[in-house]
Amino acid sequence: MAALANRRSAMTLFTEPGDMAGHRVRIVLAEKGISADVVEVDPAAPPEDLVELNPYATAPTLVDRDLVLYEDRVISEYLDERFPHPPLMPVDPVARANVRQLRYRIRQDWEPLVHDVLHKGEKTAARARKELREGLVAIGPLFDSMNWFMSDDFGLADVDMAALLWRLPALGIEIPEKATGLIGYGERLFQRPAVRESLDEVERDMRSV
């Protein structure tokens, strides 16, 4: 995170190495050029100050002066509102609701599959890999006509997708060559400076950078 520039405010982000939710917040920080002190924590032994700040003692947790936030969607929307340039949410309320719906579906439909791949037995993991790969391939045509996820502008839904797609090699998932729209979308995401600057050491080891 040393590459983050444009110090705007002293913040602290508690994050678990390699954690997808923390990665999403770090992408937002990098995209906005917000400097924050990043504290990596062991979820099995959270530091005392995190336990005092967050009743769940979970990461990511963002501390900004007297404000403590500990859900990554809440954190990312707060950062987008406090530091409005570049915007990561549309102005129109209908479009904003659609982005929130997309982010919900990513977590509801795909994030549990990531958990199953990482933490369940091989039979369940294999089924989860197949379901996740098929779900991602199914949305591939969306990117034939749009650069970003249901939008002409990079936004918070793309932040979530960047963190997910980055992990595919580590999950043992390969996108087929026929899914050209999805592959091109992933390449655009990974070429974005904020995505590259956001990576921690664990994430860098997930694929070549």
Side-chain angles (χ1 to χ4, degrees), residues 1 4 6-43 46-115 118 148-151 153-167 189 192 194-195 197-200 202-203:
M1 295 294 286
L4 291 180
N6 273 344
R7 177 171 294 274
R8 300 183 183 182
S9 175
M11 293 184 179
T12 300
L13 175 68
F14 293 89
T15 183
E16 178 185 344
D19 175 60
M20 188 157 59
H23 190 189
R24 293 187 289 244
V25 175
R26 284 182 272 113
I27 293 173
V28 174
L29 289 171
E31 187 71 30
K32 298 270 184 185
I34 305 167
S35 183
D37 294 326
V38 177
V39 179
E40 294 189 345
V41 301
D42 178 356
E48 289 185 9
D49 48 354
L50 177 58
V51 173
E52 292 176 0
L53 290 163
N54 177 347
Y56 306 103
T58 54
T61 293
L62 181 78
V63 182
D64 183 17
R65 300 186 178 91
D66 295 330
L67 177 67
V68 180
L69 301 174
Y70 37 81
E71 201 282 328
D72 75 275
R73 279 173 294 185
V74 175
I75 294 170
S76 59
E77 290 202 28
Y78 166 73
L79 292 172
D80 191 49
E81 291 174 356
R82 182 169 175 203
F83 303 100
H85 302 290
L88 296 178
M89 285 283 277
V91 175
D92 175 65
V94 173
R96 292 173 73 88
N98 284 331
V99 171
R100 292 188 176 107
Q101 187 101 313
L102 287 174
R103 303 189 80 197
Y104 174 80
R105 294 198 62 181
I106 289 169
R107 287 158 176 76
Q108 188 75 6
D109 296 347
W110 293 335
E111 198 161 323
L113 298 176
V114 173
H115 179 271
L118 294 174
W148 307 111
F149 198 2
M150 302 292 288
S151 176
D153 301 305
F154 180 88
L156 290 181
D158 302 294
V159 168
D160 294 354
M161 288 296 291
L164 174 63
L165 295 180
W166 184 265
R167 283 158 171 75
L189 287 173
R192 201 164 182 92
V195 173
E197 291 171 10
S198 69
L199 301 171
D200 64 22
V202 173
E203 289 152 355

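Nothing fancy with the numbering, it's 1 onward along the sequence.
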Those residues at least two apart in sequence (or on a different chain) that pass salt bridge (charged side-chain N to carboxylate O under 4.0 Å, His left out) with Glu40 are none
List for me each residue that meets salt bridge (charged side-chain N to carboxylate O under 4.0 Å, His left out) alongside Asp200, sequence neighbours excluded, and say none if there are none.
Arg26
Taking Glu111 first and then Arg24, would you say they form a salt bridge - that is, a charged N and a carboxylate O separated by under 4.0 Å?
yes
What residues form a side chain to side chain donor-acceptor pair (under 3.5 Å) with Gln108, not counting sequence neighbours?
Tyr104
Check against side-chain hydrogen bond (donor to acceptor under 3.5 Å, both in side chains), Thr58 and Asn54:
CA-CA 7 Å; Thr58 54; Asn54 177 347; 3.1 Å; yes
Is the backbone of Asp158 close enough, under 3.5 Å, to the side chain of Trp148 for a donor and an acceptor to pair up by distance?
no
Run Arg107 and Asp72 through salt bridge (charged side-chain N to carboxylate O under 4.0 Å, His left out) and show every step you take.
CA-CA 11 Å; Arg107 287 158 176 76; Asp72 75 275; 2.6 Å; yes
With side-chain contact (heavy atoms from CB on, under 4.5 Å) as the test, would you mind laying out the steps for Val159 and Glu31 before giving the verdict?
CA-CA 9 Å; Val159 168; Glu31 187 71 30; 6.0 Å; no
The residue among Val38, Leu62, Leu53 that forms side-chain contact (heavy atoms from CB on, under 4.5 Å) with Phe14 is Leu53
Quick one: does Phe149's side chain get under 4.5 Å of Ile106's, heavy atoms only?
yes
All side chain to side chain donor-acceptor pair (under 3.5 Å) counterparts of Asp49, not counting sequence neighbours
none
Test item: Glu71 side-chain N/O and Val74 main-chain N/O as donor-acceptor pair under 3.5 Å:
yes
Can you list the residues that meet the side chain to side chain donor-acceptor pair (under 3.5 Å) rule with Arg103, with sequence neighbours excluded?
Ser76, Asp160
Review item, side-chain donor-acceptor pairs of residues 86-95, under 3.5 Å, at least two apart:
residue	atom	partner	partner atom	Å
Asp92	OD2	Val94	N	3.2
Asp92	OD2	Ala95	N	2.9

